[in-house]
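Scroll down for the structure; my scribbles are underneath it.
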Protein chains: 2
Amino acid sequence: MSAKQKILIEAAKLIHTKGFNNTSIQDILDIASVTKSNFYYHFDSKEQLGFEVLTGRMQWFYGRVIEPSLDNPALNPLQRIYAFLDGILALGTSPLGELGCPFGNLAQEMSAIHEPLRQALSAFFRAGADRLEHCFEEGKQAGIFREQLPSSQIAEFVLAQTQGMFLLRKTHKDPQIMERNIDMLHQLIEGWLTHEGKQATNRQEEIRETLPEPKTEGFE
Amino acid sequence: MSAKQKILIEAAKLIHTKGFNNTSIQDILDIASVTKSNFYYHFDSKEQLGFEVLTGRMQWFYGRVIEPSLDNPALNPLQRIYAFLDGILALGTSPLGELGCPFGNLAQEMSAIHEPLRQALSAFFRAGADRLEHCFEEGKQAGIFREQLPSSQIAEFVLAQTQGMFLLRKTHKDPQIMERNIDMLHQLIEGWLTHEGKQATNRQEEIRETLPEPKTEGFE
DNA sequence: TGAGTAGTACTGACTGGTTGGTCCTAATGA
DNA sequence: TCATTAGGACCAACCAGTCAGTACTACTCA
């Protein structure tokens, strides 16, 4: 593994744990066993490191959660949404979830003080919301979901909820908060947003068969 | 205004903007026009300052949002919940809301790295959730709400949602996110959690008459 | 074939500034 | 008179970043 790789991986972990500004370059280098001058060989600045860590995190999240769920053409819209929620649940109940959501953490820390990073994170969240919206819209056209509420608003609501539950899980140090709130989202989808009789049956088993083991590396 | 008061007020603003660890004591003192030796006359440490700022923030939030809503005996349970949501909406759409929720921000920043502060924030969130739960439970007994879902779970869900929407509002710099997500909560409460025909009518006007102008000072 | 060159990755030492906190003395005002 | 405040100097540790140099590999060209 190259020095640059080691730096990126250790930086992602530390930034997730302590935050960007509270993680010094020397902290990262001590763990990665790389010298500071070598750091500056690969990165112009701490800021550039931050952007590259964020890019890596986005790719990791895509491979771990989005690709097998919202971007999985083998699933119908409802299954895609459920697979997404299950991906969030798996993440949030893992040891990693104790540190909160890496994106929410960064957004909270940096949005008010670093405009370029805020924009990158805003775009990331919007991309996620767009995918969710697309699923809800598709499900409406397939007669799965009710038509009352705009799909974009539902999608945003679901996304906000995932962020909120990560924060509470982190603050209370209680993984069951993820379970309870994902369950609430399921109930909301089945009991309110879905037409009667349009729920997927044996939802858990269906999704388990389709989901491949995600190929992720370094970020956990 | 005493020097200690000035410090606390400026510290609260700066910590809300930049975070605790990214706000130096000198930053605060420059704005408060107080010397460092006087700072250490009043506070043993930066950590003690942090706790006192948090305590002040909790009192402010109580007076601004909780007392006129969840702790307002003149309101029925549904009105109390709606008043709470309106308080959150007013906060979130104010210029202050651009910085996110002060409690959510601190929880995110400090929970993984500072156990005493995490505990204080956890207790704060739990107190809020308990009040919400109490309203839902009271509303169930008054026949307003359906009985299917545990009140504690609904309360937690609503609380998580408020945190999530604050984060998205901050990241997207869009106050309408608060409006859309509070509206979703209203719809969820009226369209799913409430018995048919049990909605409060002229909800907005009713609450407007009962809410006194909150006595808040310094933190905004 | 070997000197010279370029590119890549890496190093130790260093810079100027910042940070939370300490200590002491003196002044002010109720 | 004493609580409060100011001012100043200082400390060790920390911080992001700089600089000149080293080692190695591959390539070029006379």
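Naming convention: chains lettered A, B, ... in sequence-line order (proteins, then strands); numbering from 1 in each chain. From a predicted model like this one, the values you see are computed outputs, not experimental measurements.
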* **N/O (side chain, B/Tyr41) to phosphate O (OP1/OP2, D/dT5) under 4.0 Å** => no
* Asked: Would you say D/dT5 has OP1 or OP2 under 4.0 Å from some side-chain N or O of B/His42?
  -> yes
* By side chain to side chain donor-acceptor pair (under 3.5 Å), which residues pair with B/Gln153, not counting sequence neighbours? -> A/Asp183
* Does B/Gln26 have any side chain to side chain donor-acceptor pair (under 3.5 Å) partners at least two apart in sequence or in another chain, and if so, which? -> B/Asp30
Pairs where [range] contributes a residue and the test salt bridge (charged side-chain N to carboxylate O under 4.0 Å, His left out) is met, not counting sequence neighbours:
| range | value |
| --- | --- |
| residues 166-178 of chain B | A/Glu115-B/Lys173, B/Asp174-B/Arg180 |
| residues 41-60 of chain A | A/Lys4-A/Glu52 |
| residues 89-102 of chain B | none |
| residues 16-25 of chain B | B/Lys18-B/Asp27 |

* **Sugar-phosphate only, base, or nothing, as touched by B/Val34 at under 4.0 Å among non-hydrogen atoms** => sugar-phosphate
What donor-acceptor contacts under 3.5 angstrom involve side-chain atoms of residues 33-40 of chain A, with partners at least two apart or in another chain?
unit_1: A/Thr35; atom_1: OG1; unit_2: A/Asn38; atom_2: N; d: 3.3

* **Nearest-angstrom distance from the residue atom NZ of B/Lys4 to P of D/dA6** => 15 Å
* Within this structure, what is the NZ-to-P distance between B/Lys6 and D/dT4, rounded to whole angstrom? -> 15 Å
* Should A/Asn72 and A/Glu67 be marked as a side-chain hydrogen bond (donor to acceptor under 3.5 Å, both in side chains) after you check the CA-CA gap, both sets of side-chain angles, and the distance that decides it? -> CA-CA 6 Å; A/Asn72 186 347; A/Glu67 193 180 29; over 6 Å; no
* Sort by first number and list every stem of DNA chain D: at least 3 consecutive Watson-Crick or G-U wobble pairs, both distances under 3.5 Å. => C:1-30 with D:1-30
* Could you write nucleotides 7-20 of chain D as a row of B, S and -, 5' to 3', where a protein heavy atom under 4.0 Å of any base atom gives B, of only sugar-phosphate atoms gives S, and otherwise -? -> BB------SBBBB-
* Asked: Between the main-chain N or O of B/Glu109 and the side-chain N or O of A/Asn105, is there a donor-acceptor pair closer than 3.5 Å?
  -> no
* **First and last nucleotide of DNA chain C, 5' to 3', lying under 4.0 Å from heavy atoms of chain A** => C/dT8 to C/dG12
* **Of all pairs that satisfy ring-ring contact (aromatic ring centres under 6.0 Å, His included), the ones with a partner from residues 151-179 of chain B, not counting sequence neighbours** => none
* **Test ring-ring contact (aromatic ring centres under 6.0 Å, His included) applied to B/Phe136 - qualifying residues, sequence neighbours left out** => B/Phe145
